[in-house]
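Report on the following structure.
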There are 2 protein chains.
Amino acid sequence: MEKLSKELIGASSTPIILSILKKNESYGYEIIQSIKEISGGKIEFGEGTLYPVLHKLEKKGFIESSWKIAESGRKRKYYNISNEGEKELKTEKQNWNTINQIITKIWKIEPNLI
Amino acid sequence: MEKLSKELIGASSTPIILSILKKNESYGYEIIQSIKEISGGKIEFGEGTLYPVLHKLEKKGFIESSWKIAESGRKRKYYNISNEGEKELKTEKQNWNTINQIITKIWKIEPNLI
DNA sequence: TTTTATACATCGAACTTCAATGTATGTTTG
DNA sequence: CAAACATACATTGAAGTTCGATGTATAAAA
């Protein structure tokens, strides 16, 4: 199974991260593991990809961070979704469904059996 | 209805364009109209967005171009999908379906009624 | 004690979107 | 017939994005 394209990663990263944080607060390293696990290894975010996205989402006010000390004694930056973030997630879900319907429609016009 | 995000446009532009060209050969200006029409006005490519994508796809060998004179007497650059392009379209469809399943799965874990 | 896993961060190259701008020509309208 | 509009291609530059590479630090395991 080859890697998913950069474009697809870009389109899905925000809704995926916000969805994960809507369920539970989490931190960067764990989010990477979660995505890998949920996707059955098909989506793998590098740290250089995820952290800038988290910083962007925080700057936009969709998530909020706080440093905590884990039981292990290790420092972690936990992220929570904000009210703004929940609104954004709804919008992104709608947009995803919209585009999914459109391209599915296009593929129906000219069927291409996969 | 607000505009779809840049990321979603980026993720869908190649499969949409290749799908249109798989059905019929076409040219830049007409592709813009087609996408607008098929999407019910929800996706609007500007010329500054579409032309670079067409040039990129041609450079990669997924589409081929030829100048023709239309009945109107106007010059048009027609694009056709290549065999490589058809292969690429299949791959992109599979990738789209994969990511769609993954994010749908994530949304099912934490349902959010739209 | 060395390696591995965890955990954060930034840098820079390569690429992308897209509004703005430029050129050119056929068609319609006042 | 002149002006406006629609068609048709193209490039530029700003702003943003992905992501491999690299850097720092610490806990756990070998």
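A, B, ... follow the sequence lines: proteins, then strands. Residue 1 opens every chain.
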Checking A:Leu18, A:Ile81, A:Leu57 against A:Glu88 for side chain to side chain contact (heavy atoms under 4.5 Å, CB included), the one that qualifies is A:Leu18
For [X] and [N], what is the distance between atoms [atom1] and [atom2] respectively, to the nearest whole Å?
X       : N      : atom1 : atom2 : answer
A:Ile69 : C:dT6  : CD1   : C1'   : 14 Å
A:Glu7  : C:dT17 : CD    : P     : 7 Å
B:Ile32 : C:dC18 : CD1   : C1'   : 12 Å
B:Tyr29 : C:dT23 : OH    : C1'   : 15 Å
B:Ile35 : C:dT17 : CD1   : C1'   : 14 Å
B:Tyr27 : C:dG26 : OH    : P     : 14 Å
A:Leu50 : C:dC8  : CG    : C1'   : 11 Å
A:Ile31 : C:dT6  : CD1   : C1'   : 15 Å

Rounded at 0.5 Å granularity, tell me how far CD in B:Glu84 sits from CD1 in B:Ile63.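 Separation between the atoms: 13.5 Å.
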Walk me through whether B:Thr14 and B:Leu89 qualify under side chain to side chain contact (heavy atoms under 4.5 Å, CB included). CA-CA 8 Å; B:Thr14 297; B:Leu89 178 55; over 6 Å; no
Look at all strands and tell whether [X] reaches a base, only sugar-phosphate, or nothing, counting heavy atoms closer than 4.0 Å.
X       : value
B:Gly10 : sugar-phosphate
A:Glu47 : base
B:Gly28 : sugar-phosphate
A:Phe45 : nothing

Pair A:Glu25, A:Asn80: side-chain N/O donor-acceptor within cut-off below 3.5 Å: yes
Can you find a side-chain donor-acceptor pair between A:Glu58 and A:Ser65 that sits under 3.5 Å? yes
Could you list the protein-to-nucleotides 27-29 of chain C atom pairs, N/O on both sides, closer than 3.5 Å?
none

State, yes or no, whether a side-chain contact exists between B:Trp96 and A:Trp107 at a heavy-atom distance under 4.5 Å. yes
Do A:Lys87 and A:Phe62 come within less than 4.5 Å of each other through their side chains, counting heavy atoms only? no
Taking only N and O in the side chain of A:His55, is any of them less than 4.0 Å away from OP1 or OP2 of C:dC8?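 Result: no.
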OP1 or OP2 of C:dG26 under 4.0 Å from side-chain N/O of B:Lys75: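 For C:dG26, neither OP1 nor OP2 has a side-chain N or O of B:Lys75 closer than 4.0 Å.
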When you get a sec, tell me which of C:dT10, C:dA7, C:dC8 is the closest nucleotide to the side chain of A:Trp67? C:dC8
Got a donor-acceptor contact below 3.5 angstrom from the [X] side chain to the [Y] backbone?
X       : Y       : value
A:Ser19 : A:Pro15 : yes
A:Ser39 : A:Ile35 : yes
A:Lys77 : A:Gly28 : no

Go through DNA chain D in 5' to 3' direction and return only the first and the last nucleotide with some atom under 4.0 Å of chain A's heavy atoms. D:dT17 to D:dA27
Upstream residue (5' side of DNA chain C) when A:Tyr51 and A:Lys6 are each assigned their closest nucleotide: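 The residue whose closest nucleotide sits nearer the 5' end is A:Tyr51.
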